[in-house]
J.: 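One structure, as structure tokens, below. Some questions next.
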Amino acid sequence: MTLQFLNQSIPDIIFTLYLLVYFPLEGIWRNLSTAPPKPKLPNLQSYWRQGRFVLLLLAVFMLVSWLGNHSANQLGLDIPLSPGGAWGLAIVAVLMAVMHVLGKRAESKMTPEDRLKQEDKLREMPFSMPRTRVEIAAYFVTMIGMTATWELLFRGYLLLVLTPYTGLPLAVALAAISYGAGHGFKNYKQFFGSIVAAFAFTIGYALTGSLWWLIVLHAAAPISMFYMARKLTPAT
């Protein structure tokens with residue numbers, strides 16, 4: 001398997017090792033480091049700092065994909081939509097409808113103490129909730145761009161380059177663990193929760209071969225957090 005993998009182009013090998021090794025280790029190290037926390041930036045600067053890293057990573061990914069002759073369909077961007085992708089989008093639509101109903105029911109039963117707990121959770125998020133119209137637009141662009149990029153890199157790309165050499169089950173495991181660990185280590189519950197969620201997304205892609213529904217589902221999380229924050233603290 002090692003000799004076969006070395007037959008890949010050098011950019012593919014370097015980029016794959018970055019995603020599998022450096023990305024998760026850097027995420028864990030960032031949380032375990034004892035360095036003093038950086039001062040909190042204004043919202044727009046915070047979104048830009050996150051967005052510029054993703055833009056750089058996306059640019060490298062596009063170059064590597066071009067050099068490796070990886071097509072959009074091979075990377076899970078099936079156009080026209082495959083049957084698996086269509087089923088995935090249908091499942092996402094049902095899930096979002098169910099979550100909306102459950103969210104409305106939970107909101108109607110929410111006590112002032114529950115609201116305070118939700119506000120505390122929002123303050124613990126790695127990014128601040130937007131307040132102004134400009135911040136809201138920047139937030140949506142940043143979060144949708146980030147979630148789409150993660151799906152392309154850790155589902156579409158890694159499964160494409162790893163599967164021929166490791167087999168699909170091991171490729172799924174490697175991609176899921178590297179992405180889940182890349183969220184960092186705050187505590188065991190968060191760490192293993194991230195890996196379990198990553199496995200669910202990666203298996204979903206392996207079963208359908210389509211990223212579109214996973215991009216929509218992934219982007220729904222930060223968008224839902226925004227609307228929850230709006231209800232708790234209305235925008236100005």
J.: Go through Phe199 and Ile177 one step at a time and tell me if the side-chain contact (heavy atoms from CB on, under 4.5 Å) criterion holds.
T.: CA-CA 8 Å; Phe199 263 99; Ile177 292 171; 3.9 Å; yes

J.: If we only count heavy atoms from C-beta on, is the Ile136 to Arg230 side-chain gap below 4.5 Å?
T.: yes

J.: Please check if Leu170 and Leu160 belong to a single hydrophobic cluster, counting links between Ile, Leu, Val, Met, Phe, Trp and Tyr side chain heavy atoms closer than 4.5 Å.
T.: yes

J.: Any donor-acceptor pair under 3.5 Å linking the side chain of Glu135 with the backbone of Arg131?
T.: yes

J.: So which atom in Ser46 and which in Leu41 form the shortest heavy-atom distance, rounded to 0.1 Å?
T.: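 Closest approach of Ser46 to Leu41: N-CB, 4.1 Å.
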
J.: Can you name the side chain to side chain contact (heavy atoms under 4.5 Å, CB included) partners of Val134, sequence neighbours left out?
T.: Leu44, Thr132

J.: Would you say Met129 ends up clustered with Val141 if hydrophobic residues are merged whenever their side chains have heavy atoms under 4.5 Å apart, either directly or through other cluster members?
T.: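 No, no single cluster joins them.
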
J.: Looking at residues at least two apart in the chain, or sitting in another chain, which of them share a salt bridge (Lys or Arg N to Asp or Glu O under 4.0 Å) with Arg49?
T.: none

J.: By side chain to side chain contact (heavy atoms under 4.5 Å, CB included), which residues pair with Gln190, not counting sequence neighbours?
T.: His183, Lys186, Asn187, Ser194

J.: Could you tell me whether the side chain of Ile195 reaches within less than 4.5 Å of the side chain of Tyr179, counting heavy atoms only?
T.: no

J.: Measure the acute angle between the ring planes of Phe140 and Tyr227, then classify it against the limits of 30° and 60° as parallel, tilted or perpendicular.
T.: perpendicular

J.: Under the side-chain contact (heavy atoms from CB on, under 4.5 Å) criterion, do Tyr157 and Thr16 qualify, and how do the steps go?
T.: CA-CA 9 Å; Tyr157 178 76; Thr16 299; 3.5 Å; yes

J.: Just jot down the side chain to side chain contact (heavy atoms under 4.5 Å, CB included) partners of Asn69, sequence neighbours excluded, or say none.
T.: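 Checked Asn69 against side chain to side chain contact (heavy atoms under 4.5 Å, CB included); zero matches.
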
J.: Apply side-chain contact (heavy atoms from CB on, under 4.5 Å) to residues Trp66 and Met62 and explain how you reach the verdict.
T.: CA-CA 6 Å; Trp66 176 71; Met62 292 176 68; over 6 Å; no

J.: If hydrophobic clusters are built by linking Ile, Leu, Val, Met, Phe, Trp and Tyr wherever their side-chain heavy atoms come under 4.5 Å apart, do Ile13 and Leu67 end up in the same one?
T.: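 In one cluster: no.
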
J.: Measure the CG-CG distance between Leu158 and Leu174 for me, rounded to the nearest 0.5 Å.
T.: 8.5 Å

J.: Using 0.5 Å steps for rounding, measure from the CD atom of Glu26 to the CG atom of Asn31.
T.: 9.5 Å

J.: What pairs meet the salt bridge (charged side-chain N to carboxylate O under 4.0 Å, His left out) rule with one or both residues in residues 160-182, with sequence neighbours excluded?
T.: none

J.: Find out whether Ser210 and Tyr205 are in side-chain contact, i.e. whether some heavy atom of one side chain is under 4.5 Å from a heavy atom of the other.
T.: no

J.: Restricting to non-hydrogen atoms, name the atom on Asn43 and the atom on Ser128 that form the minimum distance, rounded to 0.1 Å.
T.: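 The answer is OD1-CB, 2.9 Å.
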
J.: Which residues pass the ring-ring contact (aromatic ring centres under 6.0 Å, His included) test with Tyr47, not counting sequence neighbours?
T.: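 For Tyr47 the ring-ring contact (aromatic ring centres under 6.0 Å, His included) partners, ignoring immediate neighbours, are Tyr139.
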
J.: Can any side-chain N or O of Ser65 pair as donor or acceptor with the backbone N or O of Phe61 at less than 3.5 Å?
T.: yes

J.: Which residue in the set Ile203, Leu162, Leu159 passes side-chain contact (heavy atoms from CB on, under 4.5 Å) when paired with Leu168?
T.: Leu159

J.: Would Val54 and Trp150 satisfy side-chain contact (heavy atoms from CB on, under 4.5 Å), going step by step from the backbone distance to the final call?
T.: CA-CA 9 Å; Val54 173; Trp150 301 143; 4.2 Å; yes

J.: If we only count heavy atoms from C-beta on, is the His218 to Met146 side-chain gap below 4.5 Å?
T.: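 They are not in side-chain contact.
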
J.: Minimum heavy-atom separation for Ile215 to Ala148, with atom names?
T.: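 Between these two residues, the closest heavy atoms are CG2-CB, 3.9 Å.
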
J.: Between Thr147 and Ile144, is there a donor-acceptor pair closer than 3.5 Å when you use the side chain of the first and the backbone of the second?
T.: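 Such a contact is found between Thr147 side chain and Ile144 backbone.
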
J.: CG/Leu211 to CG/Leu77 distance, rounded to the nearest 0.5 angstrom?
T.: 5.5 Å

J.: For Thr208, what residues pass the side-chain hydrogen bond (donor to acceptor under 3.5 Å, both in side chains) criterion, not counting sequence neighbours?
T.: Trp213

J.: So, using side chain to side chain contact (heavy atoms under 4.5 Å, CB included) as the criterion, who are the partners of Ala181 when residues are at least two apart?
T.: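 Checked Ala181 against side chain to side chain contact (heavy atoms under 4.5 Å, CB included); matches are Pro24, Ile28, Phe191.
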
J.: Mind jotting down which residue pairs meet the salt bridge (charged side-chain N to carboxylate O under 4.0 Å, His left out) criterion with at least one end in residues 142-171? Sequence neighbours excluded, please.
T.: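 As it turns out, the salt bridge (charged side-chain N to carboxylate O under 4.0 Å, His left out) pairs with a partner in residues 142-171, which skip direct neighbours, are Glu151-Arg155.
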
J.: According to ring-ring contact (aromatic ring centres under 6.0 Å, His included), who are the partners of Phe53, at least two apart in sequence or on a separate chain?
T.: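 For Phe53, no residue satisfies ring-ring contact (aromatic ring centres under 6.0 Å, His included) once neighbours in sequence are set aside.
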
J.: Is there a side-chain contact between Ser178 and Phe23 (heavy atoms, below 4.5 Å)?
T.: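 No; the side chains remain at least 4.5 Å from each other.
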
J.: Which other residues end up in the same hydrophobic cluster as Val196, if Ile, Leu, Val, Met, Phe, Trp and Tyr are linked when side-chain heavy atoms come under 4.5 Å apart?
T.: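 Listed partners: none, Val196 stands alone.
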
J.: Classify the side-chain pair Ser9/Asp12 by whether it contains a donor and acceptor separated by less than 3.5 Å.
T.: yes

J.: With rounding to the nearest 0.5 Å, note down the distance linking OH in Tyr18 to CG in Leu153.
T.: 9.0 Å

J.: How are the rings of Phe185 and Tyr188 set to each other: parallel, tilted or perpendicular (split at 30° and 60°)?
T.: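 Because their plane-to-plane angle is over 60°, the rings of Phe185 and Tyr188 count as perpendicular.
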
J.: List the atom pairs, donor and acceptor, that lie under 3.5 Å between side-chain atoms in residues 79-103 and the rest of the protein, sequence neighbours left out.
T.:
from: Ser82; atom 1: OG; to: Asp78; atom 2: OD2; distance (Å): 2.8
from: Ser82; atom 1: OG; to: Gly85; atom 2: N; distance (Å): 3.1

J.: Considering non-hydrogen atoms only, spot the tightest contact between Ala175 and Leu20 and give its length.
T.: N-CD2, 4.5 Å

